[in-house]
Structure formats: structure tokens, C-alpha cells
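Chain letters run A, B, ... following the sequence lines, proteins first and then strands; every chain starts at 1.
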Protein chains: 2
Amino acid sequence: MNLTKRIKRPTLHEELVERLRNLVVEDALKPGEKVPEKDLCESFGVSRTPLREALKVLASEGLVVLQANRGARVAEVTPEELEKTFPVIAMLEQLAGELACKNLSDAGIASIEKRHEAMVKAFHARDIKSYFQANQDIHAALIEGARNDILESHHRLLAARVRRARFMVNLSDERWAQAIQEHEQMMDKLRERDADGLGRLMKMHMMNKYAAHIKALSDKPEHSDQS
Amino acid sequence: MNLTKRIKRPTLHEELVERLRNLVVEDALKPGEKVPEKDLCESFGVSRTPLREALKVLASEGLVVLQANRGARVAEVTPEELEKTFPVIAMLEQLAGELACKNLSDAGIASIEKRHEAMVKAFHARDIKSYFQANQDIHAALIEGARNDILESHHRLLAARVRRARFMVNLSDERWAQAIQEHEQMMDKLRERDADGLGRLMKMHMMNKYAAHIKALSDKPEHSDQS
DNA sequence: TGACTGAATTATGAATTCATAATTACGTTT
DNA sequence: AAACGTAATTATGAATTCATAATTCAGTCA
């Protein structure tokens, strides 16, 4: 009798890390906002000890910042941070593309292809929600297809931080169309299993996304103090 | 009266994260070894609370692994992990090389040059200790010269994990000489501020380092059970 | 009225306590 | 003697308590 399956009862603090991370990434806790231990403890029904452990982890991930004797604040998403984060993500995506071409099975590629079609359909239907989900799925599948958990975990960390930026701007229709085109090209390379090609495209895709963010930010009138 | 300088009194847990990380990276705590909270609490003179917070952070950095109700163990350094980590570091070094060429001042380059000479001297004197230190300084200076703290923090995380591998093998004289040569080429590119060139070289340097590790591991007789 | 002082309150960092899971030690049975 | 089962011990996860830093708020004085 070999029960390889382990009974998984996550510890409180692991659970909390996950839930808190979601609150931050999904913008339920807004950047700059202070994270009141007491309130969260009550709403989660736990004591401060595991919650504080979770906050330490979130801090090491860069999602919150701790100030001694002043508690935790949700980390801001600044243009400077984006400027520094995107190039790093772009490099990781490049590597992911290269490795995915080598390590994905034909079935894996077919699965991505299906999601790609769903994404294109969502684009034509202007269904932002579905588009966003499909897009995220595709990228996640490519990263996972690289079969490199170190790469995956670091990518996830950075992606979480950057994903919060989507609440700062709304992407233009032009950028949306361009992104679809880039994805088409990526699919071509993936089908051909052109590792270098896909890597280059994924890196470029990410830097173009960054450029679009920058542009959207500069176009945004808000915060321009001269009225 | 503007005292921008803040009195910095690190919290206990920050201090502990640092000290524990050192113990792990410097191999005072051996891979696979269990980390007994009680003993460490005594030797550091702190209670379990901040120590456990520190362990959670170390775990999120991948230096220890936590098992529910079974405490913490120092993470193993496996060939599989190295295989996955080195390509990621290599990409980050490539980016660092590109950015360093753009962002380092002439004085910064001169400073690296000086360390490079010290390293070469240590090589000819076969002074491994000094060599290792100078080498590490150079890489750190290049990373820092990239002026990208996101890149820097992720690189530091990965470098810490990989650095532990040096206790697994001893590098060959051939590899040592080759590494020096690679560094010479890197210095050339840096002087010319050839961003792409330096990036490529740094990536290659890292992958060659990996290859040398693999070779040294396979040459190593230990653990080959047939006696 | 408005800025400053200092006490009261609150929130935080860290130690301690408590409940329980894991490990060890021991005794029993075959 | 070896293997199993059970009790004692230890280690861990989480709650609670305690000390102190930060913040709030009321009162004072210019």
C-alpha cells in the first residue's frame, strides 16, 4: 500500500500568504494603504502571529513594505519600478520561450494553440475579461512549458508586481491589436519550435507592453496639477 | 534642521534573516541538516517568534524548506537545481552587462578595472581566497552598475543559492585559467562600452561556469557506491 | 485662533504560554 | 531477539501576553 499522496493541510501562514497576496495583486488592498494587522486578523479569524509571518514573506516578495514600529504598507507601483521590472521579466520570458520550444510536448503546444484561438475570439468580441484571462493562461503555459521551476517562481514574483499596474491605465485599441499580432507571430515560432525566435519575440512582446504602459501613463491627464 | 539620516535600528527578525542566511550560504548549516529552533534561539539570545519569522523569509528565498509540524531543513543543492538556476542567472547577468555598460561612470569602470587587476594577481599567486573575493566583488560591481535594484535583488537571491555549490566541488586549473581569460574579454567590452558584447560574454561566462561545475561533479568519485 | 506640550490610547515587536503533532523510549508479545 | 503498540518526551504551530514605540487627543500658552 503506497499512498504517495500526502494529506495536505496547509499551515495557517501559508494560507495567509496566498490570500494576502491575492488581495494585493487583485487591488483589494490599494498601493500605499496601510495594512492593519488587527482588522485582517479579525476578518481572517486568526491571531497576529501567523499573519505577521505572512507579512514578512510578502515583504520579501516586495508586495508590501515594512517599517519598524510602523507596520506594513502595500507597496506602491511606481513608474520607476516598472522601468526596472519589465526588462527583467523580458529576459525571463525570452528564456522561457527558448526552453518551452525545447520542452513542450506536441500536445502541450496544441493546448496553447487552443487558448490562443480563444484569445483571438475574445479580442474580436471585445471581451476584455476573457481576453485577459486567455492571455494570462497562455503566458503561464509557456512559462510552465519551460520546465524550470526556478524560472517560474521568479517570473511569478515579478509578474505579480507588474500585474498590479493594469489598474493604473487602460490599454489602447492600437496596443491591443498589436499584442494580438505579436501573439500570432509567437504561435508561428512555437509551431516551428524555433527556440531563439520565440525567445526573441517574447522578450520584444514584453518590452512593447512596457512601452504601451509608459505611453498610457503619460497620456493620462490625472495628477497633472496645473488645472 | 533636516536630518535626512534616519536612525536605523534593524528589527530582530531582519537581523536574524541576515545572520541565518549567512550561516546557510557560508555552509555553517549544511544542506539537509535540520534547523533546530531552540538551539538557534539560545545561541542568538532571542525568542522563537522572530526566529520563526526569519525562517519563513528564508524559506520564501529557497534557502530552507519548511515541513508542517516538522520544522525547517537547510535546502539541498542538487544538480537539478543547478541545471535550472544557472540559465536564469545567466540571463540576468546578460542584462546586467548590457545595463552596466550604459550606466556605469568612467570612475566606476576604473574601479572595476582595479579589482580585475587584483584578481589576476591573485590568480598568478594561486591565492584562491583573494581570487574568490575579487571575483565576487567584480560581479557585484557589475550588477550594481546596472542600476536596477529589481535585477540586483533577484540576482542576489539566485547567486546565494548557487554559491553554496562551491562546497561540492573544487574547480580545475584549466577552468580557472579559462575564467581569467573570459574576464579579460569582459573587461575589453566594458572599456569599449559594448553593451551587447558584454552582455553576451557575461551570459556565456556563467554558462561555462555551470559546465565546469557539471564536469567537476561527474569527475568526483564520492558517492559512487561500487567500491 | 493656532501651534506646542504631554498624557492617554493604540499599534507594533517580541516573549511567553498553550495545544497538538511528531518523535523517542519503553515494554509487551511472539 | 525482532516487531509492534503505547506512553513519555520533545518540537512545532498558533494564541496570548507583555513592553515599548507611535499616534491621537486634550489642554495650555502665545
Side-chain angles (χ1 to χ4, degrees), chain A residues 1-21 23-24 29-75, chain B residues 1-21 23-24 29-75:
Chain A
M1 181 170 73
N2 178 5
L3 304 180
T4 59
K5 201 74 169 206
R6 215 167 166 23
I7 297 166
K8 97 128 167 277
R9 183 180 31 76
T11 64
L12 229 29
H13 108 270
E14 288 176 282
E15 191 85 22
L16 286 173
V17 167
E18 194 127 335
R19 312 243 333 234
L20 282 176
R21 187 173 20 226
L23 290 182
V24 173
L29 292 172
K30 302 274 190 260
E33 205 171 295
K34 72 179 171 4
V35 184
E37 296 183 0
K38 206 157 81 61
D39 301 358
L40 286 174
C41 285
E42 283 172 16
S43 65
F44 285 130
V46 300
S47 78
R48 280 174 59 219
T49 305
L51 187 116
R52 299 182 91 256
E53 291 172 346
L55 284 176
K56 302 283 188 291
V57 173
L58 272 294
S60 92
E61 295 182 0
L63 292 178
V64 306
V65 291
L66 303 177
Q67 293 174 292
N69 295 316
R70 285 149 148 253
R73 288 182 173 279
V74 179
Chain B
M1 181 172 72
N2 179 7
L3 303 180
T4 59
K5 201 74 168 207
R6 220 167 169 11
I7 297 165
K8 97 128 165 275
R9 182 181 32 76
T11 64
L12 228 28
H13 109 269
E14 287 176 283
E15 193 85 21
L16 286 172
V17 166
E18 194 127 333
R19 311 233 349 222
L20 283 175
R21 186 171 23 224
L23 290 181
V24 174
L29 291 172
K30 302 271 191 262
E33 204 171 297
K34 71 180 171 4
V35 183
E37 297 183 358
K38 204 157 83 60
D39 300 358
L40 287 174
C41 285
E42 282 171 18
S43 65
F44 284 131
V46 300
S47 77
R48 280 176 58 221
T49 307
L51 187 117
R52 300 181 91 258
E53 291 172 346
L55 284 177
K56 302 284 187 291
V57 173
L58 272 295
S60 92
E61 294 182 1
L63 291 178
V64 308
V65 291
L66 302 177
Q67 293 173 292
N69 295 316
R70 283 152 147 253
R73 286 181 174 282
V74 179

Item to check | Any side-chain heavy-atom pair of L20(B) and L40(B) under 4.5 Å | outcome: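 Yes, close enough: below the 4.5 Å cut-off.
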
Checklist entry - With a non-hydrogen cut-off below 4.0 angstrom, is E37(A) in contact with a base, only sugar-phosphate, or nothing? => result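 Touches sugar-phosphate only.
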
Restricting both atoms to N or O, compile the protein contacts to nucleotides 15-19 of chain C shorter than 3.5 Å, with distance only.
unit_1, atom_1, unit_2, atom_2, d
dA15(C), OP2, S47(B), N, 3.0
dA15(C), OP2, S47(B), OG, 2.4
dA15(C), O5', S47(B), OG, 3.2
dA15(C), N7, T49(B), OG1, 2.8
dT16(C), O4, T49(B), OG1, 3.2

Atom-to-atom span, [atom1] of [X] to [atom2] of [N] - whole angstrom:
| X | N | atom1 | atom2 | value |
| --- | --- | --- | --- | --- |
| L51(A) | dA14(D) | CG | P | 12 Å |
| L66(A) | dA11(C) | CG | C1' | 14 Å |
| R70(A) | dT10(C) | CZ | C1' | 15 Å |
| E15(B) | dA14(C) | CD | C1' | 15 Å |
| E53(A) | dT12(C) | CD | C1' | 15 Å |
| K56(A) | dA14(D) | NZ | C1' | 15 Å |
| L55(A) | dA14(C) | CG | C1' | 16 Å |
| N69(A) | dT23(D) | CG | P | 9 Å |

Checklist entry - Residues in salt bridge (Lys or Arg N to Asp or Glu O under 4.0 Å) with R48(B), at least two apart? => result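 Per chain and number, R48(B) pairs via salt bridge (Lys or Arg N to Asp or Glu O under 4.0 Å) with E37(B).
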
Next on the checklist: List the residues meeting salt bridge (Lys or Arg N to Asp or Glu O under 4.0 Å) with K34(B), not counting sequence neighbours, and say none if there are none.
Outcome noted: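 K34(B) satisfies salt bridge (Lys or Arg N to Asp or Glu O under 4.0 Å) with no residue once adjacent residues are dropped.
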
Item to check | Results of side chain to side chain contact (heavy atoms under 4.5 Å, CB included) for L29(A) - residues two or more places apart only | outcome: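 In terms of side chain to side chain contact (heavy atoms under 4.5 Å, CB included), with neighbours along the sequence ignored, L29(A) is linked to L23(A), V24(A), E33(A), V74(A).
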
Provide a list of protein-nucleic acid N or O atom pairs under 3.5 angstrom, restricted to nucleotides 5-8 of chain C.
none

Ignoring hydrogens and angles, write down the donor-acceptor pairs under 3.5 Å from the side chains of residues 54-64 of chain A, residues two or more places apart or on other chains.
unit_1, atom_1, unit_2, atom_2, d
S60(A), OG, V57(A), O, 3.0
S60(A), OG, S60(B), OG, 2.9
E61(A), OE1, R21(A), NH1, 2.6
E61(A), OE2, R21(A), NH1, 2.6

Next on the checklist: With side-chain hydrogen bond (donor to acceptor under 3.5 Å, both in side chains) as the rule and sequence neighbours excluded, what pairs involving residues 38-47 of chain B come up?
Outcome noted: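 As it turns out, there is no side-chain hydrogen bond (donor to acceptor under 3.5 Å, both in side chains) pair with a partner in residues 38-47 of chain B once direct neighbours are skipped.
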
